[in-house]
Amino acid sequence: MDTIEAIKNRRSIRKYKTDPVDEKTLEVVLEAARQAPSWANTQCWKFIVVRDTNIRAQLAETIEANPTLGRNPATKAFSTAPIIIVALAEKNISGYFHGNTATDKGDWWFMFDVALAMENLMLAATAMGLGTVHIGLFDTARVASLLEIPNEYYVVEMTPLGYPEYQPNPRPRKELSEIVFYNKFGKSRIV
Ligand SMILES: Cc1cc2nc3c(=O)[nH]c(=O)nc-3n(C[C@H](O)[C@H](O)[C@H](O)COP(=O)(O)O)c2cc1C
């Protein structure tokens, strides 16, 4: 599958088969994450691969545990998908220059770097017939405690990794004319 095809075929997958994902396949998607660009090549990311059934169930609870977070449609995937990947970012690296934050975004660049790595991972997964979904709505403090993550790291997101039960229909997207300007903000293309 070429890149454009993988971008178009990627869907958020929330229903998975229980079929296992072998180590070689897992390594291909992790390698895609490793190759992502990052702030000054700092690579602040870490990935925790969870295959353990009990820990996967406890991770699912971190989504539903806090009633103020609301229901998350991705929760059920944790009991079927054979793998959950938790993405972390080491603090105080991305966005820094000589020990100080270098832009108006402060240290938010860790979100950018992890997103690039995770989207690489997800596109590689799509190309191999696997499903994923970015999951941001969960109790990060509970995940940090459950997985014994040191305080020097942010818990950023999670995704199941497994074979999709089915291929969902594409979600709608804004038209290019709504999101692209030419030369100056708000200017549409003059034809
Ligand atoms: C930063 C981010 C956080 C997300 N968090 C969740 C989530 O917690 N639960 C969920 O089911 N989907 C989550 N999604 C998936 C989006 O709902 C999904 O990408 C969007 O509806 C478009 O659908 P598509 O991915 O199939 O194109 C998240 C996506 C992003 C980019």
Side-chain angles (χ1 to χ4, degrees), residues 1-17 29 32-33 36-39 44-50 55-89 91 94-95 105-147 149 153-176 178-180:
M1 196 182 288
D2 73 12
T3 309
I4 302 294
E5 216 181 326
I7 290 168
K8 287 201 163 153
N9 284 347
R10 187 211 53 80
R11 297 271 101 75
S12 288
I13 302 297
R14 299 182 178 88
K15 290 197 172 152
Y16 291 84
K17 297 176 178 164
V29 301
S38 61
W39 178 276
C44 69
W45 47 62
K46 296 274 188 279
F47 308 97
I48 303 182
V49 176
V50 179
I55 301 178
R56 279 193 282 130
Q58 286 172 288
L59 284 173
E61 284 170 18
T62 70
I63 299 183
E64 298 297 334
N66 185 340
T68 59
L69 294 180
R71 296 232 54 233
N72 194 314
T75 312
K76 278 194 181 146
F78 285 60
S79 56
T80 47
I83 293 174
I84 305 295
I85 296 175
V86 181
L88 318 176
K91 297 176 182 175
S94 185
K105 312 289 182 311
D107 76 343
W108 303 351
W109 290 104
F110 73 86
M111 294 291 278
F112 193 94
D113 290 351
V114 171
L116 292 173
M118 288 299 279
E119 190 64 7
N120 262 17
L121 179 152
M122 292 182 175
L123 292 175
T126 303
M128 302 189 74
L130 289 159
T132 56
V133 53
H134 293 282
I135 300 177
L137 181 64
F138 62 94
D139 186 334
T140 52
R142 276 185 66 138
V143 169
S145 155
L146 175 65
L147 303 183
I149 296 164
Y153 294 86
Y154 293 112
V155 177
V156 179
E157 73 156 305
M158 306 195 268
T159 180
L161 181 73
Y163 293 95
E165 188 68 56
Y166 67 96
Q167 174 78 346
N169 291 326
R171 298 293 314 279
R173 293 294 195 264
K174 293 179 183 175
E175 297 300 328
L176 280 180
E178 294 177 78
I179 60 172
V180 181

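Both backbone and side-chain heavy atoms feed into the values below; hydrogens, waters and symmetry mates do not. Numbering of ligands and ligand atoms starts at 1, following listing order.
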(request) Kindly indicate whether the side chain of Val86, heavy atoms from C-beta on, has any atom under 4.5 Å from the side chain of Lys46. (result)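 In short, these two side chains do not touch, never coming nearer than 4.5 Å.
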(request) Side-chain contact test, heavy atoms from C-beta onward, threshold under 4.5 Å: evaluate it for Tyr154 versus Asp107 and give yes or no. (result)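 Tyr154 vs Asp107: side chains touch.
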(message) Just to verify, what does Ala127 make a side-chain contact (heavy atoms from CB on, under 4.5 Å) with, not counting sequence neighbours?
(response)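 By the side-chain contact (heavy atoms from CB on, under 4.5 Å) rule, Ala127 matches Met1.
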(request) For Arg56, enumerate each residue passing the side-chain contact (heavy atoms from CB on, under 4.5 Å) test, keeping only those at least two apart in sequence or located in another chain. (result)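 Testing Arg56 for side-chain contact (heavy atoms from CB on, under 4.5 Å), a comparison that skips the adjacent residues, returns Val50, Thr53, Ile84.
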(message) Would Lys91 and Phe110 count as a cation-pi pair here, with the cationic atom under 6.0 angstrom from the ring centre and within 45° of the axis?
(response)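 No, Lys91 does not lie over the aromatic ring of Phe110.
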(request) Can you tell me which residue pairs pass the salt bridge (Lys or Arg N to Asp or Glu O under 4.0 Å) test with a partner in residues 112-131, sequence neighbours excluded? (result)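 Listed by first then second residue: Arg10-Glu119.
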(message) For ligand 1, give me the residues whose heavy-atom distance to it is below 4.0 Å, by chain and number please.
(response)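 Lining ligand 1 at under 4.0 Å, by heavy atoms, one finds Arg10, Arg11, Ser12, Arg14, Asn72, Pro73, Ala74, Val133, His134, Ile135, Gly136, Leu137, Arg171, Arg173.
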